[in-house]
Amino acid sequence: MRKLLIILAVAVTLLVLFCRAFVFAGEGDVSMNVMTERKQSTLVIPWMTYDTGRFLVDVRSNFDWSGAPSIFIGKSFQKNDSMIITPAVGVVWSEEYKATSAELYIENGGKVLSWITMNEMTFGTEKDSPSFAYHWTEALWKVTERLQVGFGEQLYWEWSTSGADAVLDLGPVIGVDLSHGVYVKLWGMKNPTSGSEKLFATIGTSF
């Protein structure tokens with residue numbers, strides 16, 4: 001685990017340096033995420049979003065499907081002073097899994113309470129690539145200038161697979177803003193039906 005955290009920190013540092021050296025306008029976020037589940041393999045999920053103002057690019061790997069990179073293109077719309085709505089379309093593509101996808105992000109950044117939701121419909125383009133629906137919501141309360149606490153939930157369902165049950169995870173979230181846009185976040189998840197437990201840990205930076 002210690003070796004993994006060192007690799008994670010180095011990877012985030014390199015991504016941040018690259019972004020700040022070559023990105024001159026717009027806003028973005030770079031993060032490295034680790035998801036662990038008891039008696040299961042650990043997933044490392046690199047993630048980067050960049051919004052030019054005209055369009056948004058979202059690139060990630062190991063999130064939509066294990067071992068598969070994904071790229072999405074979308075457009076952000078400012079609904080009011082605090083709410084942003086971003087529809088996006090993309091592809092999830094690897095040797096083992098191929099799909100097209102549509103997403104909708106809604107973010108509400110209140111001064112005390114903020115929330116974000118992501119809703120995805122992914123359509124497998126080959127027989128061995130199942131289609132699925134994914135939903136995630138996180139709500140955070142700003143305790144201090146740097147500390148947020150809250151709750152998260154996610155739902156995953158392979159709707160094209162006959163007899164597949166939806167998987168629900170719920171749990172508390174803790175986020176800490178460090179400095180210069182760097183943040184860490186921990187999300188402890190538990191499936192109320194199966195009792196399985198997961199931990200989602202993030203280190204990233206917004207610029």
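Heads up: numbering here begins at 1 and tracks the sequence.
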Heavy-atom donor-acceptor pair, [X] side chain to [Y] backbone, under 3.5 Å:
X: Thr144; Y: Leu147; value: yes
X: Gln78; Y: Asn80; value: yes
X: Thr117; Y: Trp136; value: yes

Report the C-alpha distance between Ser196 and Lys190 in whole Å, list the side-chain angles of each, state the deciding distance to 0.1 Å, and finish with yes or no for side chain to side chain contact (heavy atoms under 4.5 Å, CB included). CA-CA 6 Å; Ser196 66; Lys190 185 171 183 176; over 6 Å; no
Which atom names give the shortest non-hydrogen contact between [X] and [Y], and what distance separates them?
X: Ser131; Y: Ser160; result: N-OG, 2.8 Å
X: Ser31; Y: Tyr183; result: CB-OH, 3.7 Å
X: Gly150; Y: Leu140; result: N-CD2, 3.8 Å
X: Trp187; Y: Glu153; result: CZ2-N, 3.7 Å
X: Ser94; Y: Pro69; result: CB-CD, 4.2 Å
X: Glu96; Y: Ser129; result: O-OG, 4.0 Å

Determine, step by step, whether Lys79 and Glu107 satisfy the salt bridge (Lys or Arg N to Asp or Glu O under 4.0 Å) criterion, reporting the C-alpha distance in whole Å, the side-chain angles of both residues, the deciding distance to 0.1 Å, and the verdict. CA-CA 10 Å; Lys79 187 68 175 176; Glu107 182 176 1; over 6 Å; no
Sub-6.0 Å ring centroid separation between Tyr105 and Phe72: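 No, ring centres 6.0 Å or more apart.
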Please identify which of these residues, Gln148, Gln154, Lys185, meets the side chain to side chain donor-acceptor pair (under 3.5 Å) condition with Glu138.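 Exactly one pass, corresponding to Lys185.
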Identified side chain to side chain donor-acceptor pair (under 3.5 Å) partner of Trp47 from the options Asp58, Asn62, Thr202: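 That would be Asp58.
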Can you hop from [X] to [Y] via hydrophobic side chains spaced under 4.5 Å?
X: Leu56; Y: Ile106; value: no
X: Val173; Y: Ile45; value: yes
X: Ile116; Y: Phe77; value: no
X: Ile203; Y: Val176; value: yes
X: Phe151; Y: Val143; value: no

Evaluation steps, side chain to side chain donor-acceptor pair (under 3.5 Å), between Ser206 and Asp29: CA-CA 4 Å; Ser206 298; Asp29 185 273; 2.8 Å; yes
Please lay out, stage by stage, how Tyr134 and Asn119 fare under the test side chain to side chain contact (heavy atoms under 4.5 Å, CB included). CA-CA 6 Å; Tyr134 176 75; Asn119 301 277; over 6 Å; no
Any side-chain donor near an acceptor of the partner, Tyr156 and Asp165, under 3.5 Å: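 Result is no, nothing qualifies.
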Can you confirm whether the side chains of Asn108 and Ser82 place a donor and an acceptor under 3.5 Å from each other?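 Looking only at side-chain atoms, Ser82 and Asn108 do form a donor-acceptor pair, the distance falling under 3.5 Å.
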Interatomic spacing from [atom1] in [X] to [atom2] in [Y] - rounded to 0.5 Å:
X: Glu103; Y: Met121; atom1: CD; atom2: CE; answer: 12.0 Å
X: Trp93; Y: Trp65; atom1: CH2; atom2: CH2; answer: 14.5 Å
X: Leu186; Y: Phe200; atom1: CG; atom2: CZ; answer: 11.0 Å
X: Thr36; Y: Leu199; atom1: OG1; atom2: CG; answer: 4.5 Å
X: Thr193; Y: Leu168; atom1: OG1; atom2: CG; answer: 7.0 Å
X: Ile85; Y: Lys75; atom1: CD1; atom2: NZ; answer: 13.0 Å

Dump the intermediate steps for side chain to side chain donor-acceptor pair (under 3.5 Å) on Asn191 and Glu197, then the final yes or no. CA-CA 7 Å; Asn191 184 309; Glu197 297 177 343; over 6 Å; no
Could you work out the complete set of other residues in the hydrophobic cluster of Phe55, with links drawn between I, L, V, M, F, W and Y side chains under 4.5 Å apart?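 For the cluster that includes Phe55, the remaining residues are Val57, Val59, Ile71, Ile73, Val91.
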More than 12 non-hydrogen atoms from neighbouring residues, nucleotides or ligands closer than 6.0 Å to CD1 on Ile174, yes or no?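 No.
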For Asp81, does the CG atom have more than 12 heavy-atom neighbours from other residues, nucleotides or ligands under 6.0 Å away?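 No, because the 6.0 Å sphere around CG of Asp81 holds 12 heavy atoms or fewer from other groups.
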Residues [X], [Y]: salt bridge by 4.0 Å N-O rule:
X: Glu120; Y: Arg60; result: yes
X: Lys198; Y: Asp169; result: yes
X: Lys98; Y: Glu95; result: no

Would a 4.5 Å heavy-atom cut-off, applied to side chains only, mark Thr42 and Val34 as touching?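 Result yes, sub-4.5 Å side-chain heavy-atom pair found.
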Heavy atoms, side chains only, cut-off 4.5 Å: are Pro192 and Leu170 in contact?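 Yes, close enough: below the 4.5 Å cut-off.
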Are Thr86 and Leu104 close enough, and set up right, to give a side chain to side chain contact (heavy atoms under 4.5 Å, CB included), and what steps lead you there? CA-CA 6 Å; Thr86 308; Leu104 180 65; over 6 Å; no
Tyr97 and Phe132 aromatic ring geometry - parallel, tilted or perpendicular at 30°/60° bounds: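 Tilted, since the angle between the ring planes falls between 30° and 60°.
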